[in-house]
2 protein chains.
Amino acid sequence: MKLSTKGRYAVTAMLDLALHTHARPVPLTEIANGQGLSLSYLEQLFARLRRCGLVEGVRGPGGGYRLARPATEISVADIITAVDENVDVTRCAGRGDCQDGERCLTHDLWTDLSRQLYEFLDSITLERLVRRPAVQEVAGRQEPRSLHAGVDAGKTVA
Amino acid sequence: MKLSTKGRYAVTAMLDLALHTHARPVPLTEIANGQGLSLSYLEQLFARLRRCGLVEGVRGPGGGYRLARPATEISVADIITAVDENVDVTRCAGRGDCQDGERCLTHDLWTDLSRQLYEFLDSITLERLVRRPAVQEVAGRQEPRSLHAGVDAGKTVA
DNA sequence: CTAAATCCCGAGTAATCAGCTAGGGATTTA
DNA sequence: TAAATCCCTAGCTGATTACTCGGGATTTAG
């Protein structure tokens, strides 16, 4: 388990997709503009997300990306492990021979700690993120500027 | 909040100290051997731990490092933030002007997510780690080989 | 008092990685 | 058939990680 900006970009992008599930697929150029990222870099992130079965691409004009599963079945942990290929956290690559052929202090401790961390992030689904007030507010503000104006927005903030 | 091998080394080293609180200070050479790290690299980690008030150094022969506070008052989050100076997770450095002068989707979402993560790691104290069965077991096995043989060891495992 | 053990400090270095650029397809719609 | 999109591979740059080197400063032991 690893946390970096890469994972954050991916989570934000996936959230973007989740906010537009009822509309047409979202093209990467749109997300790239929104996040201030290069198209090609985003493509690389989405290539991994696609290989992990989190999104599906639709080619040709009017195409873009869609969530491959309902937002209730995609967790933040899913997304992060998809893009930040998890470096094995133990020095001995899980063999347990880190210290003179025995397990070192790090071994059990850290694998366990990162398991707990994973479970925590796995308990947060995209759907839960979408329902957060802060997200609703920003999404509402963005909607008028975006190409999907009027689809679904406006009444969420109150 | 950032998670890397650096933080893991620091946590393990601090755990090492916590296991020897009743004995004399622990010299870095010992920890370096145990973890297979270079002395100088460990020194750099401990310089930060010291600046953050987590450990105190004792100079001269017979010297080494000690916890500066009881193990009940040092959390994993304390240690990690001490060595992995927290890169600001938001693109806009907390100013909130990431997207056209407004807050982007990432902003509130990620600061909040990393706050929760911090709280989780902050809830785990060194003392709690010391009491873990896996740690007790490894510590018991290491004790006879260490320089502190007989000081305090042997009775901890049961 | 001196030598050794330790902490302390700063500079530099090789490898890796994050984030990005470049350049090319393949596929689909208009 | 042309444009919009996804798809793929190969590199490039600057930062970071993990580490080395070379020097102190301070304290205890003999």
Side-chain angles (χ1 to χ4, degrees), chain A residues 2-13 17 20 23-33 35-68 80 82-89 91 106 147, chain B residues 2-10 12-13 17 20 23-33 35-52 54-68 80 83-89 91 106 147-148:
Chain A
K2 197 167 131 193
L3 291 179
S4 68
T5 53
K6 213 160 156 184
R8 198 169 72 247
Y9 288 144
V11 170
T12 312
L17 257 53
H20 297 98
R24 63 162 172 76
V26 182
L28 286 191
T29 46
E30 205 169 302
I31 299 178
N33 288 339
Q35 286 203 52
L37 287 182
S38 77
L39 175 62
S40 197
Y41 188 48
L42 249 197
E43 282 180 336
Q44 287 164 43
L45 295 185
F46 270 79
R48 295 183 187 223
L49 293 172
R50 197 174 53 85
R51 268 180 241 126
C52 291
L54 297 180
V55 297
E56 53 190 19
V58 180
R59 294 185 178 208
Y65 279 97
R66 243 196 291 262
L67 296 184
I80 288 176
V83 295
D84 272 333
E85 60 233 37
N86 48 337
V87 261
D88 61 283
V89 289
R91 194 181 188 77
T106 317
L147 297 171
Chain B
K2 197 168 132 193
L3 291 180
S4 68
T5 53
K6 211 161 157 186
R8 200 170 70 248
Y9 289 144
T12 313
L17 258 52
H20 297 98
R24 63 165 171 71
V26 183
L28 286 190
T29 47
E30 206 170 301
I31 299 177
N33 289 339
Q35 286 203 53
L37 287 181
S38 77
L39 175 61
S40 201
Y41 187 48
L42 248 197
E43 282 180 336
Q44 286 163 45
L45 295 186
F46 270 79
R48 295 185 188 221
L49 293 172
R50 196 173 55 85
R51 268 180 242 123
C52 291
L54 297 180
V55 297
E56 53 191 17
V58 179
R59 294 187 176 206
Y65 278 97
R66 244 196 291 262
L67 297 183
I80 288 176
V83 296
D84 272 333
E85 58 231 37
N86 48 339
V87 261
D88 62 285
V89 289
R91 195 179 187 79
T106 317
L147 297 171
H148 314 282

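Computation of the quantities below employed the complete heavy-atom set of this structure, encompassing side-chain atoms and omitting hydrogens, waters and symmetry-equivalent molecules.
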Reading 5' to 3' through nucleotides 2-7 of chain C, protein heavy-atom contacts under 4.0 Å coded B for base, S for sugar-phosphate only, - for none: --BBBB

Using atom [atom1] of [X] as one end and atom [atom2] of [N] as the other, report the distance to the nearest whole Å.
X       : N      : atom1 : atom2 : result
A:Asn33 : C:dC20 : CG    : P     : 13 Å
A:Leu45 : C:dT21 : CG    : P     : 13 Å
A:Lys6  : C:dT16 : NZ    : P     : 15 Å
A:Leu42 : D:dC8  : CG    : C1'   : 16 Å
B:Arg48 : D:dT16 : CZ    : P     : 11 Å

Presence of donor-acceptor pair under 3.5 Å, side chain of A:Gln44 and base of C:dC20: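 Pair found.
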
Where do [X] and [Y] come nearest, in terms of heavy atoms and distance?
X       : Y       : answer
A:Tyr65 : A:Leu17 : O-CG, 3.9 Å
A:Arg66 : A:Val58 : NH2-CG2, 3.6 Å
B:Gly57 : B:Arg50 : N-CD, 4.3 Å

Strand partner of C:dT29, provided both Watson-Crick or wobble distances fall under 3.5 Å: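 Its partner is D:dA2 (Watson-Crick or G-U wobble, both distances under 3.5 Å).
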
Spatial distance of atom OH (A:Tyr9) from atom CG (A:Leu45) [nearest 0.5 Å]: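 Between atom OH of A:Tyr9 and atom CG of A:Leu45 there are 9.5 Å.
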
Trace of the side-chain contact (heavy atoms from CB on, under 4.5 Å) decision for A:Leu28 with A:Glu43: CA-CA 7 Å; A:Leu28 286 191; A:Glu43 282 180 336; 3.6 Å; yes

Given DNA chain D, 5'-ward residue of the pair A:Phe46 and B:Ser40, judged by closest heavy atom: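 First, find each residue's nearest nucleotide; the 5'-ward one identifies A:Phe46.
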
Side chain of A:Tyr41 (C-beta onward), nearest among D:dC19, C:dA22, C:dC20: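 Closest nucleotide to the A:Tyr41 side chain: C:dC20.
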
A:Arg48 side-chain N/O to A:Val83 backbone N/O, donor-acceptor pair under 3.5 Å: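 Present.
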
